[in-house]
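Written out below as structure tokens is the structure these notes cover.
A quick note: this is a predicted structure, and the numbers were derived from the prediction, not measured. Letters go in sequence order (proteins before strands), and every chain restarts at 1.
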Amino acid sequence: MPKFPSINEQMDLIRRGAEEIISEDELIKRLERAEKDEKPLIVKLGCDPSRPDLHIGHAVVLRKLRHFQDLGHQSVLVVGDFTALIGDPSGRNKTRPHLTKDEVDEYAETYIEQAGHILNLETLKIFRNGDWLGAMNFHNVIKLASHYTVARMLERDDFKKRYKSEVPISIHEFLYPLAQAMDSVELNADIELGGTDQKFNLLVGRDLQRDYGQLPQVVITTPLLEGTDGVQKMSKTYENYIGITDTPSEIYGRTMSISDDLIYRYFEFATDVDASALKDVEAELAGSDTNPRDLKRQLAREIVTLYHSSKAAVEAEEAFDRIFIQSDVPHEIEEWNAGSQQVVILSMMCDSNLISSKREARRLIEQGAVTVNGEKITRITEEISLESPVVLKVGKRRFLRVIP
RNA sequence: GGGGAGAUGGCAGAGCGGUCAAAUGCACCAGACUGUAAAUCUGGCGGCGGAAGCCUUCGGUGGUUCGAAUCCAUCUCUCCCCA
């Protein structure tokens with residue numbers, strides 16, 4: 001028999017890190033019903049297995065799904081193996097490329113594996129929407145499509161923009177929200193989660209469920225976390241992300257490079273610190289006694305701890321201090337065997353694959369970005385003699401130990 | 001079905017016979033300043049070469065020309081207007 005925390009307790013957790021709940025009243029009613037019937041709510045999150053590398057931006061909504069698990073509800077992950085073949089147009093200014101079935105399968109596996117860092121896979125139900133969407137025939141599809149109008153589709157901001165700026169929109173992209181909505185009907189979802197960019201799709205789910213005689217799902221959106229640059233949303237294409245499978249040092253370092261204005265948001269959406277700790281952060285940021293850097297250090301430790309361990313966090317911090325505060329060389333550096341006692345700097349940089357082309361290596365030297373054992377290299381023809389291993393440093397954070 | 005416009009580097013977007021490896025902005029890399037923050041400033045941003053220079057690139061293919069991102073033909077794709 002499932003037992004749930006009090007409604008208030010549940011609402012507190014659900015609200016934390018949620019952008020919008022449509023609607024709270026409906027949600028409370030559902031929670032009450034769940035308690036009365038002793039039946040967990042079905043909480044759905046659809047995932048698009050076309051970008052298998054998850055970052056802490058994706059983690060915001062995944063952690064929300066986790067919250068429902070913790071509260072005793074039934075979290076459901078719908079792998080959009082079928083919809084991935086369509087490509088979600090949300091937030092896009094162009095049609096997504098179609099994926100092949102093999103790619104989707106491979107990505108889905110990776111996705112679930114990585115999501116396992118956040119979700120409890122024991123109680124998670126995983127479905128593939130190809131199971132039902134793939135079984136629909138053309139007649140069913142036309143019937144489904146008749147539930148929505150072109151005008152309503154064009155209300156959607158990204159479609160509207162593309163339409164206005166004369167960027168192509170394929171017909172099949174209109175089918176995407178309907179397909180996703182069909183998932184909700186199929187599962188009779190009580191709640192669907194998604195990023196704010198998913199709001200339209202989630203609302204279509206409500207409409208469709210109503211048409212199918214179901215109670216419309218409650219929609220909960222989570223914010224799109226800004227990337228480390230503080231401007232654009234976190235995304236692999238902008239190279240401003242912190243990957244959840246990144247090493248502790250990477251996570252720590254990237255967190256340290258975020259803008260100050262993001263500190264609070266990252267605490268709020270990328271960590272599990274409780275409400276009172278959040279208040280403290282807010283107060284400290286507002287006051288003048290605290291150097292924001294120190295809060296950022298705390299934040300970086302929190303995030304590393306979340307995906308690795310507190311031990312890893314401490315180690316990452318030590319390594320970070322060593323490199324960036326003491327300007328020292330990290331303890332662990334990749335090694336490369338030069339196979340000779342005398343090496344020209346340029347070949348050292350390229351043959352070891354530290355730098356991808358000689359052109360680039362040359363530029364870096366010319367710009368004074370290259371040192372060997374702390375000595376700046378000034379000539380691109382410089383020969384380095386390797387009586388013993390030397391440390392090659394390029395830029396601020398690329399290190400290589402070169403062994404004769 | 002008819003008419004018109006267009007496809008340029010990661011993106012946006014100039015160029016419209018040689019001076020174009022291709023303006024400008026964003027992104028990115030490096031340097032200065034710092035808290036690997038932001039902002040700012042400086043340099044860079046196809047490859048090979050010490051350099052001169054050479055090679056590959058402007059949707060695909062073929063052509064005109066001493067010379068083509070630029071002209072012509074054709075193919076593929078896109079947008080707009082009319083039906």
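Under a cutoff of 6.0 Å and an axis angle of 45°, Arg301(A) and Tyr252(A) do not form a cation-pi pair.
Across the protein-nucleic acid pair, Glu173(A) atom CD and U78(B) atom C1' stand 14 Å apart, rounded to whole Å. The distance between atom CG of Asp260(A) and atom C1' of U36(B), rounded to the nearest whole Å, is 13 Å. In this structure, the CE atom of Met256(A) is 14 Å from the C1' atom of A38(B), given to the nearest Å. As rounded to whole Å, 18 Å separates atom P of U34(B) from atom CZ of Arg297(A). To the nearest angstrom, C1' of C45(B) lies 9 Å from CD of Glu360(A). Atom P of nucleotide A37(B) and atom CG of Leu299(A) are separated by 15 Å, given to the nearest angstrom. Following rounding to the nearest Å, Asp321(A) (CG) and G35(B) (P) show an atom-to-atom distance of 13 Å. Straight-line distance from the CG atom of Asp246(A) to the C1' atom of U36(B): 16 Å, rounded to whole Å.
Nearer to the 5' terminus of RNA chain B, by closest-nucleotide assignment, is the contact made by Leu364(A) (compared with the other of Leu364(A) and Cys350(A)). Checking Asp261(A) against Tyr163(A), the closest nucleotide of RNA chain B that is more toward the 5' end is the one next to Asp261(A).
The partner of A32(B) is U40(B), by the rule that a Watson-Crick or G-U pair needs both atom distances under 3.5 Å. Of all nucleotides present, only U61(B) satisfies the Watson-Crick or G-U wobble test against A73(B), with each distance under 3.5 Å. Across all strands shown, G25(B) forms a Watson-Crick or G-U wobble pair with C11(B), both key distances being under 3.5 Å. Under the Watson-Crick or G-U wobble criterion, with both distances below 3.5 Å, U19(B) is left unpaired in every strand shown.
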Verdict with reasoning, Trp132(A) to Asp183(A), per side-chain hydrogen bond (donor to acceptor under 3.5 Å, both in side chains): CA-CA 8 Å; Trp132(A) 51 85; Asp183(A) 296 346; 2.8 Å; yes

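In terms of heavy atoms, Leu306(A) sits closest to Ala270(A) at CD2-O, 3.3 Å.
A ring-centre distance under 6.0 Å is found for Phe324(A) and Phe320(A). Taking the six-membered ring for Trp, Phe159(A) and Phe174(A) have ring centres closer than 6.0 Å.
The C1' atoms of A27(B) and G44(B) are separated by 14 Å, rounded to the nearest whole Å. On the C1' atoms, G9(B) is 9 Å away from G46(B), given to the nearest whole Å. Here the separation of U65(B) from C72(B), taken at their P atoms, is 15 Å to the nearest Å. G25(B) and U40(B) have their P atoms separated by 13 Å, given to the nearest Å. A12(B) and G6(B) are spaced 16 Å apart, taking the C1' atom of each and rounding to whole Å. Rounded to the nearest Å, the gap between the P atom of A21(B) and that of U57(B) is 13 Å. On the P atoms, G50(B) is 31 Å away from U42(B), given to the nearest whole Å. The same atom, P, is picked in C58(B) and in G2(B); the two are 32 Å apart, to the nearest Å.
As judged by a 4.0 angstrom heavy-atom cut-off over every strand, Arg398(A) is placed among residues touching the sugar-phosphate backbone only. Residue Gly395(A) is classed as a sugar-phosphate contact, given heavy-atom separations below 4.0 Å to backbone atoms only. Here Lys296(A) lies in heavy-atom contact (under 4.0 Å) with a base.
For Arg362(A), there are no salt bridge (charged side-chain N to carboxylate O under 4.0 Å, His left out) partners at least two apart in sequence or on another chain. Considering only residues two or more places apart in sequence or on other chains, Asp157(A) meets the side chain to side chain donor-acceptor pair (under 3.5 Å) condition with Lys161(A).
Ring planes of His73(A) and Phe4(A): parallel class, angle under 30° (limits at 30 and 60°).
For Glu166(A), taking side-chain heavy atoms from C-beta onward, the closest of the listed nucleotides C80(B), C29(B), G44(B) is C80(B). Each of U36(B), G44(B), A37(B) was ranked by its minimum atom distance to the side chain of Arg397(A); first place goes to U36(B). Across G35(B), U36(B), C48(B), the shortest atom-to-atom separation from the side chain of Lys358(A) is found for C48(B).
In terms of phosphate contacts, Ser357(A) brings a side-chain nitrogen or oxygen within less than 4.0 Å of OP1 or OP2 of G47(B). At A51(B), one or more side-chain N or O atoms of Arg362(A) fall inside 4.0 Å of OP1 or OP2 (strictly under the cut-off).
Remark: Gln367(A), Gly368(A), Ala369(A), Ile380(A) in residues 366-383 of chain A come within less than 4.0 Å of RNA chain B through at least one heavy atom.
Heavy atoms from other residues, nucleotides or ligands lying under 6.0 Å from OH of Tyr163(A) number 12 at most.
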